[in-house]
Novice: 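Quick one: this structure, given as structure tokens, is what I'll be asking you about.
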Amino acid sequence: MTVSSAERSDRAAVLCGVGGVLPRRRVDNAELAARLDTDDAWIRTRTGIRSRHIAAPHEATSDLAVAAGGRALANSGMDRADAVVVATTTPDRTCPATAPLVAARLGLTGVAAFDVGAVCTGFVYALAAGAGLITSGVADRVLVIGADVYSRIVDPDDRQNAVVFGDGAGALVLRAGYADEPGALSAFDLGSDGAHEDMITVAAGGSRLPTDPSRTAHAERHFAMRGKEVFRHALTRMTESARTVLKRSGLTPDDVDRFVPHQANLRILRTVATDLGLPADRCARHVERAGNTGAASIPLALTDDHTHRSLRPGDRVLLTAFGGGLTWGSCLLTWPDLPPAAEPAHHEEESTP
Ligand code: COA
């Protein structure tokens, strides 16, 4: 017996568009080595990063988010969404959230719009929130954006972090559909451990330590990361989360065609892939050209993989992220048949005010 779509109970969020942008200015390792006590060999050996893109002084997170969101909507063939979720650690302002402005600039005034803060895991959390809006029937189309301008919070003279982080934005469009469709988001795993909140911080600027120009120390105003410890936690949590979401779906790493982890450091990505038993060539490595772009890194890597045909329709894709909080999360989906997307590497002036 054929079941009509009205009777089906397996409503799911289905991916139907991707897009991403990187700021125009590309900074390679040699440029950093000219002003910091570092060198290309150290950066490439320890992180795999060759270059990153840095926002222009007039470019804020919302500018990149609007450009990425607009591209994802165009790729989906839709010009409307019922909700906009923006994952970011670098909102335009502490108040209000960035998402309503992004929605308005995309011509979506009136829709639900909110930010999600889970640092580098933000995009997977935002994706889960977007999928939840769809499966609960609150929305039929959701634009999920990850956008960060880390260059505004990283001290440019901090050689550890200045070499690792870059700016950018990526976005996915989700629509209501069914669990057996290509593009369906089939399972999530999300977690946190606030006991380690001090491993990745911007100490000042919140209610705990408001910024006072005369009293706030330079270091307290900037992004700080206990790199080695974070590295160890990232390996464990990403591997565990990936295994959890696979187990929840009755799958094994062998079933994964493409692994798209948060692009923190090539060594982390390779080690997690190896621990999962995944061949290195199944793992996205956009980090080499964009550095760690925070909440933007997974949608940017997906857009880049789609553009370069490393993702094919029907591929089973595993997303896994880790970040400050500490937070971590994974998502499983099958890749849909999408039209070609624009290359993220050239952020056109289209989006700037
Ligand atoms: N150039 C040259 N030397 C550098 C350097 C740089 N850019 N940055 C740090 N160093 C030095 C350190 O001062 C240290 O010197 P010392 O041995 O004399 O003390 C040495 O290199 C080793 O530092 P270490 O911190 O052990 O390096 P690392 O191999 O751990 O690499 C990170 C540093 C940040 C790249 C790495 O720890 C990392 O990627 N961490 C995890 C990031 C992550 O997962 N983030 C996810 C959430 S955002």
Side-chain angles (χ1 to χ4, degrees), residues 27-52 87-90 117-125 146-168 190-194 196-202 219 222-242 260-273 275 283-288 290-298 300-301 319-330:
V27 175
D28 64 15
N29 293 345
E31 183 175 337
L32 288 179
R35 63 172 186 82
L36 291 172
D37 181 15
T38 189
D39 56 75
D40 176 54
W42 191 97
I43 301 170
R44 276 194 291 115
T45 317
R46 299 293 181 113
T47 71
I49 299 166
R50 294 168 188 272
S51 59
R52 72 289 294 143
T88 186
T89 304
T90 55
V119 197
C120 293
T121 316
F123 190 78
V124 175
Y125 270 67
D148 268 314
V149 180
Y150 264 90
S151 60
R152 295 286 143 72
I153 58 171
V154 168
D155 176 356
D157 296 326
D158 169 358
R159 67 174 178 171
Q160 180 199 254
N161 293 318
V163 304
V164 169
F165 287 91
D167 303 333
L190 303 175
S192 75
D193 181 0
H196 296 298
E197 55 101 26
D198 57 345
M199 271 191 201
I200 296 175
T201 55
V202 178
H222 289 101
F223 180 90
M225 174 168 73
R226 300 218 298 267
K228 234 182 199 5
E229 286 168 75
V230 170
F231 193 103
R232 276 202 313 272
H233 280 268
L235 294 184
T236 314
R237 294 303 190 180
M238 289 174 83
T239 310
E240 282 175 2
S241 180
V260 184
H262 165 53
Q263 304 286 296
N265 178 327
L266 197 57
R267 280 159 60 214
I268 295 179
L269 312 191
R270 283 198 178 131
T271 309
V272 173
D275 288 353
C283 182
R285 41 196 292 173
H286 193 235
V287 65
E288 292 173 321
N292 180 345
T293 53
S297 88
I298 286 183
L300 271 171
L319 315 178
T320 299
F322 174 84
L326 300 174
T327 51
W328 55 86
S330 295

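No hydrogens, no waters, no symmetry mates; every other heavy atom, side chains included, goes into these values. For ligands, and for the atoms within them, numbers begin at 1 and follow the listed sequence.
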Novice: With a heavy-atom distance limit of 4.0 Å, tell me whether Val119 approaches ligand 1 through its side chain, its backbone, both, or neither.
Specialist: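 It is neither; nothing of Val119 touches ligand 1.
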Novice: Establish whether atom 32 (C) of ligand 1 and some protein heavy atom are separated by less than 4.0 angstrom.
Specialist: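 So far as the 4.0 Å threshold goes, atom 32 (C) of ligand 1 is out of reach of every protein heavy atom.
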Novice: So, for Arg267 and Thr45, which heavy atoms are closest and what is the spacing to 0.1 Å?
Specialist: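 Of all heavy-atom pairs spanning Arg267 and Thr45, the closest is CD-O, 3.4 Å.
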Novice: Examine distances only and state if a side-chain atom of Gln160 and a backbone atom of Met225 form a donor-acceptor pair shorter than 3.5 Å.
Specialist: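 Looks like yes, one N/O pair under 3.5 Å.
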Novice: Quick one: look up the protein heavy atom nearest atom 48 (S) of ligand 1 and list residue, atom name and how far away it is.
Specialist: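 Looking at atom 48 (S) of ligand 1, the protein heavy atom closest to it is Cys120 SG, 3.0 Å.
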Novice: For atom 4 (C) of ligand 1, tell me which residue out of Trp328, Trp42, Tyr150 has the closest non-hydrogen atom.
Specialist: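 The residue whose heavy atom sits nearest atom 4 (C) of ligand 1 is Trp42.
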Novice: Just so I know, are the side chains of Thr38 and Ile43 near enough to count as touching, which here means a heavy-atom distance under 4.5 Å?
Specialist: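 Answer yes - side chains close enough.
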Novice: His233: heavy atom below 4.0 Å from ligand 1, yes or no?
Specialist: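 Distance cut 4.0 Å: His233 fails for ligand 1.
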Novice: Please could you name the atoms of ligand 1 that Thr47 approaches to less than 4.0 Å, counting only its heavy atoms?
Specialist: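 It comes down to these atoms of ligand 1: 35 (C).
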Novice: Is there a protein heavy atom at a distance of less than 4.0 Å from atom 20 (C) of ligand 1?
Specialist: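 Looking at atom 20 (C) of ligand 1, one finds that no protein heavy atom lies closer than 4.0 Å.
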Novice: Counting only N and O atoms by type, is there a donor-acceptor contact under 3.5 Å from the side chain of Arg159 to the main-chain atoms of Asp37?
Specialist: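 Yes, Arg159 side chain to Asp37 backbone: donor-acceptor pair under 3.5 Å.
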Novice: Tell me whether Ile43 reaches ligand 1 (any heavy atom closer than 4.0 angstrom to a ligand atom).
Specialist: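 Flag not set, Ile43 not near ligand 1.
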Novice: Quick one: nearest non-hydrogen protein atom to atom 25 (O) of ligand 1, plus distance?
Specialist: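 Here the nearest protein heavy atom works out to Gln160 OE1, 4.2 Å.
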Novice: To check you understand the geometry: which heavy-atom pair defines the closest contact between Gln263 and His286, and what is its length?
Specialist: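 Residues Gln263 and His286, closest heavy atoms: OE1-N, 2.7 Å.
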Novice: Taking atom CH2 of Trp328 and atom OG1 of Thr239, what is their separation to the nearest 0.5 Å?
Specialist: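 So the CH2 of Trp328 and the OG1 of Thr239 are separated by 12.5 Å.
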Novice: Specify whether the nearest protein heavy atom to atom 8 (N) of ligand 1 is under 4.0 angstrom away.
Specialist: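 Under the 4.0 Å cut-off, atom 8 (N) of ligand 1 does have protein heavy-atom neighbours.
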Novice: Quick check on contacts: which atoms of ligand 1 are under 4.0 angstrom from a heavy atom of Phe322?
Specialist: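 Those atoms are 47 (C).
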Novice: Check this for me: does any side-chain nitrogen of one of Glu240 and Arg237 sit under 4.0 Å from a carboxylate oxygen of the other?
Specialist: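 Yes, this pair counts.
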Novice: Can you report which non-hydrogen protein atom sits closest to atom 22 (C) of ligand 1, along with the distance?
Specialist: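 Among all protein heavy atoms, the one nearest atom 22 (C) of ligand 1 is Arg46 NH1, 3.6 Å.
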Novice: Which heavy atom of Asn292 sits nearest to which heavy atom of Gly294, and what is that distance?
Specialist: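 The answer is OD1-N, 2.8 Å.
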Novice: Can you confirm whether the side chains of Arg52 and Asn29 place a donor and an acceptor under 3.5 Å from each other?
Specialist: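 Yes, a side-chain donor-acceptor pair sits under 3.5 Å.
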Novice: Under a 4.0 angstrom heavy-atom cut-off, which atoms of ligand 1 come close to Val230?
Specialist: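 Numbered from 1, ligand 1 contributes 41 (C), 43 (C), 44 (O), 45 (N).
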Novice: For a quick test of reading the model, state the closest non-hydrogen atom pair linking Thr201 to Glu197 and the distance between them.
Specialist: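 Thr201 and Glu197 have their closest heavy atoms at CG2-O, 3.3 Å.
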Novice: Using 30° and 60° as the class boundaries, would you call the ring planes of Phe165 and Phe223 parallel, tilted or perpendicular?
Specialist: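 Ring orientation of Phe165 relative to Phe223: perpendicular.
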Novice: As an exercise, identify every atom of ligand 1 less than 4.0 angstrom from a heavy atom of Val163.
Specialist: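 Those qualifying, in numeric order: 7 (N).
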Novice: Report the nearest protein non-hydrogen atom to atom 14 (C) of ligand 1: residue, atom name, distance rounded to 0.1 Å.
Specialist: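 Nearest protein contact, heavy atoms only, for atom 14 (C) of ligand 1 is Arg159 NH2, 4.7 Å.
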Novice: To which protein heavy atom is atom 46 (C) of ligand 1 closest, and what is the distance rounded to 0.1 Å?
Specialist: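 Minimum-distance protein heavy atom for atom 46 (C) of ligand 1 reads Ala264 CB, 3.9 Å.
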Novice: With atoms numbered from 1 as shown, which atoms in ligand 1 lie under 4.0 angstrom from a non-hydrogen atom of Lys228?
Specialist: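 Reading through ligand 1 atom by atom, the close ones are 26 (O), 30 (O), 37 (O).
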Novice: List the atom of Ala284, the atom of Ala301, and the distance in Å for their closest heavy-atom pair.
Specialist: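 Heavy-atom minimum between the residues: CB-CB, 4.3 Å.
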Novice: Closest by any non-hydrogen atom to atom 42 (C) of ligand 1: pick that one out of Gln263, Met225, Glu229.
Specialist: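 Looking at heavy atoms only, the winner is Met225.
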Novice: Less than 3.5 Å apart, any donor N or O on the side chain of Asp148 or Thr293 sitting next to an acceptor on the other?
Specialist: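 On atom types as modelled, these side chains do not qualify, holding no pair under 3.5 Å.
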Novice: Between Phe322 and Ala234, what is the shortest heavy-atom contact and its length?
Specialist: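 Heavy atoms only, the tightest pair is CD2-CB, 3.5 Å.
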Novice: Please report the interatomic distance CG(Leu190) to OG1(Thr121), rounded to the nearest 0.5 Å.
Specialist: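 Reported value, rounded in 0.5 Å steps: 9.0 Å.
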Novice: Does any N or O atom in Asp39 lie less than 3.5 angstrom from one in ligand 1, N or O only?
Specialist: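 There is no such contact.
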Novice: Could you check which of Thr38, Val287, Thr327 puts a non-hydrogen atom nearest to atom 1 (N) of ligand 1?
Specialist: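 Nearest heavy atom to atom 1 (N) of ligand 1 lies in Thr38.
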Novice: Less than 3.5 Å between some nitrogen or oxygen of Asn292 and one of ligand 1, yes or no?
Specialist: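 No: no nitrogen or oxygen of Asn292 is under 3.5 Å from one in ligand 1.
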Novice: Quick one: pull up CG in Leu266 and SG in Cys283 and give me the separation to the nearest 0.5 Å.
Specialist: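 Here the interatomic distance stands at 7.5 Å.
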Novice: Looking only at protein heavy atoms, which one is nearest to atom 44 (O) of ligand 1, and how far off is it?
Specialist: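 Checked against all protein heavy atoms, atom 44 (O) of ligand 1 sits closest to Ile268 CD1, 3.1 Å.
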Novice: Is atom 27 (O) of ligand 1 in close reach of the protein, with a heavy atom under 4.0 Å away?
Specialist: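 It does: a protein heavy atom is found less than 4.0 Å away from atom 27 (O) of ligand 1.
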Novice: Would you mind running through ligand 1 and noting each atom that sits below 4.0 Å from a heavy atom of Ile200?
Specialist: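 Atoms satisfying the 4.0 Å criterion: 47 (C).
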Novice: Ligand 1 and Gly227, any nitrogen or oxygen pair closer than 3.5 angstrom?
Specialist: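 Yes, Gly227 has an N/O under 3.5 Å of an N/O on ligand 1.
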Novice: Quiz question for you: does at least one protein heavy atom lie closer than 4.0 Å to atom 17 (O) of ligand 1?
Specialist: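 Looking at atom 17 (O) of ligand 1, one finds that no protein heavy atom lies closer than 4.0 Å.
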Novice: Note the single closest protein heavy atom to atom 39 (O) of ligand 1, along with its residue, its atom name and the distance in Å.
Specialist: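 The closest one turns out to be Asn265 ND2, 2.7 Å.
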